[in-house]
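Just so you know, these numbers come straight off a predicted model, no measurement behind them. The sequence lines fix the lettering, A, B, ..., with proteins before strands; numbering per chain opens at 1.
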2 protein chains.
Amino acid sequence: MMAKRTNNMADVLSSVPLFRKVERAEVVALAEQVRELQVERGEILFQRGDRPHGFYVLLEGRITLAFPSEQGAERILEVIKPGETFGEALMFLGHPYPVFSQASVDSRLLDIPEQAINNLLDRDTQLAKKMLAGISIRLHELVSNLEACSMRSSAQRVACMLQHAAPTKGAQEYDVQLPAAKHVVASQLNLTPETFSRVLHVLTESGLIEVSGRVIKVLNAEGLRKLQL
Amino acid sequence: MMAKRTNNMADVLSSVPLFRKVERAEVVALAEQVRELQVERGEILFQRGDRPHGFYVLLEGRITLAFPSEQGAERILEVIKPGETFGEALMFLGHPYPVFSQASVDSRLLDIPEQAINNLLDRDTQLAKKMLAGISIRLHELVSNLEACSMRSSAQRVACMLQHAAPTKGAQEYDVQLPAAKHVVASQLNLTPETFSRVLHVLTESGLIEVSGRVIKVLNAEGLRKLQL
DNA sequence: CGCTAACTTGACAAATGTCAAAACATGTGG
DNA sequence: CCACATGTTTTGACATTTGTCAAGTTAGCG
């Protein structure tokens, strides 16, 4: 029975990009040590200030990482999607989490203890490289985020986001489906919902986009790009 | 003669924290592949948009990483000090640099080619872990930076910086020597020099600090902390 | 329908940036 | 040691951007 669970878990682990190339024997050993978690919509996985004991892999659902604030005006830093991992960096450092994490829908995830991954890193250099790559991506995203915050106006940040959402690079017209409620998108762009709404209004006035609910039709990608100047 | 150079270089490499525990034979092999660079004050090491071929270790001097901007209003992201490495993350990703790097004083550094480090990572798992830790620190700093930008006012950012500069945690009175010209510090805090100056003025008025040139005397650390709320 | 939550709009306030000028340092050559 | 030239910092007046609060409006959903 236990072997069954372990085998299932090993299969699940192998389906995660990070562990795809790890040898079966290692995955099985790892499977013994991971814990599967279920969290409901709205539930907090960890609070800012908690100490990490490992890192997480999201299997299903959606987890937001955000900075808390007294008056509930949180700033959403990142939305984790299935297959992605989070919390590795803090685990390696042993620092308390600077953000809190909350499930925005019912979610299922794996909790990988530090010990387990540390052992595995000693035996699988490919895994180490993958983790290096994974953290590097995060780092790069943060740099972009910081650049957006410090070098760009609200309209430029929105334009930038719309360009990243283009289906093909260079497309002039396309539809963007916002991945979440407008106030969530606004928070990721470090804007208030009001400002976000006003920016969309202005871009509409200029004939660059059309908004209907959560779908934004980009009419003139070139025009958006020019805003960036 | 060549062996001499290699040996010297190996010694230099071993003195860098990242390579301290790497075996002598490996360090010697690495030494063959690294290049030492000299850059003069003001010289640009790489531009935003350049493709990375490896990463850098700063031996001597000071390198700033900054976002460029048309009107020269660059935003300094980070100042690299001797012993530190930079550019690893972008190397692993193969993405063009999002920042440019400039020597703020005459500097000496090592250029480690991607190949070399990749090979070494396959053989030294301790090195991999160290690099993971190094990139994690960077990531954590960026998160803090982003939090400061998006959750804190100018005065709070300055107060936060002054607290980090405390010699011992909890000290109530201490001197802070600014590490660079005020406009550089301002840029790191994502402030204009004018705003920075005004903030220092306000903090002085409130009796929290005293400013004389590049030395700031903190009179009441507790008061600074309360600003943060 | 009617309720709730999401979104928009308007009037206003606060924070920060811009530009220009003055004050202050700092180093150099006489 | 002075006087000048250069670069840095401060100050003031003002513009701009963005946030805040309150009141609508709209849109889903039971």
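Considering only residues two or more places apart in sequence or on other chains, A/Phe55 meets the ring pair (Phe, Tyr, Trp, His ring centres under 6.0 Å) condition with none of them.
When all heavy atoms are compared, the tightest approach of A/Gly54 to A/Tyr97 is O-OH, 3.9 Å. Between A/Val39 and A/Ala103, the shortest heavy-atom contact is CG2-CB, 3.6 Å.
Taking the 5' to 3' direction, DNA chain C first and last meets chain B under 4.0 angstrom from a heavy atom at C/dT16 to C/dC19.
Near DNA chain C, meaning a heavy atom under 4.0 Å away, the residues from residues 174-190 of chain A are A/Ala181, A/Lys182, A/His183. For residues 146-156 of chain A, proximity to DNA chain C is found at no residue, defined as any non-hydrogen atom under 4.0 angstrom from a strand atom.
With salt bridges taken as basic N to acidic carboxylate O contacts below 4.0 Å, none links A/Lys182 and A/Glu194. At a threshold of 4.0 Å, the pair B/Glu36-B/Arg108 counts as salt-bridged, since one of the basic side-chain nitrogens sits closer than that to a carboxylate oxygen. A salt bridge is defined here as a Lys NZ or Arg NE, NH1 or NH2 lying under 4.0 Å from an Asp or Glu carboxylate O, and A/Glu78 with A/Arg138 meets this definition. B/Glu60 and B/Lys81 are not joined by a salt bridge, as no carboxylate oxygen comes within less than 4.0 angstrom of a charged side-chain nitrogen. A salt bridge is defined here as a Lys NZ or Arg NE, NH1 or NH2 lying under 4.0 Å from an Asp or Glu carboxylate O, and A/Arg41 with A/Asp106 fails to meet this definition.
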Interface polar pairs with nucleotides 20-23 of chain D, N/O, under 3.5 angstrom:
| from | atom 1 | to | atom 2 | distance (Å) |
| --- | --- | --- | --- | --- |
| D/dT20 | O4 | A/Arg198 | NH2 | 2.7 |
| D/dC21 | N4 | A/Glu194 | OE2 | 3.2 |

Distances under 3.5 Å between nitrogen or oxygen atoms of protein and nucleotides 28-30 of chain D:
none

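The aromatic rings of B/Phe46 and B/Phe86 sit tilted, their planes meeting at an angle between 30° and 60°.
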Quick one: do B/Arg157 and B/Glu147 satisfy salt bridge (Lys or Arg N to Asp or Glu O under 4.0 Å)? Show the steps, please.
CA-CA 10 Å; B/Arg157 297 209 287 280; B/Glu147 178 183 15; over 6 Å; no
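With rounding to the nearest 0.5 angstrom, the CG atom of A/Asn190 is 10.0 Å from the OG atom of A/Ser150. Rounding to the nearest 0.5 Å places CG of A/Leu58 at 10.0 Å from OG1 of A/Thr85. Note: B/Leu219 CG to B/Asp175 CG = 9.0 Å, rounded to the nearest 0.5 Å. The distance from atom CZ of B/Arg198 to atom OG of B/Ser154, rounded to the nearest 0.5 Å, is 10.5 Å.
Protein atom CG of B/Leu200 is 14 Å distant from nucleotide atom C1' of D/dT8, rounded to whole Å.
Judged by distance alone, with hydrogens and angles left aside, the side-chain atoms of B/Ser15 form no donor-acceptor pair with the main-chain N or O of B/Leu13 at under 3.5 Å.
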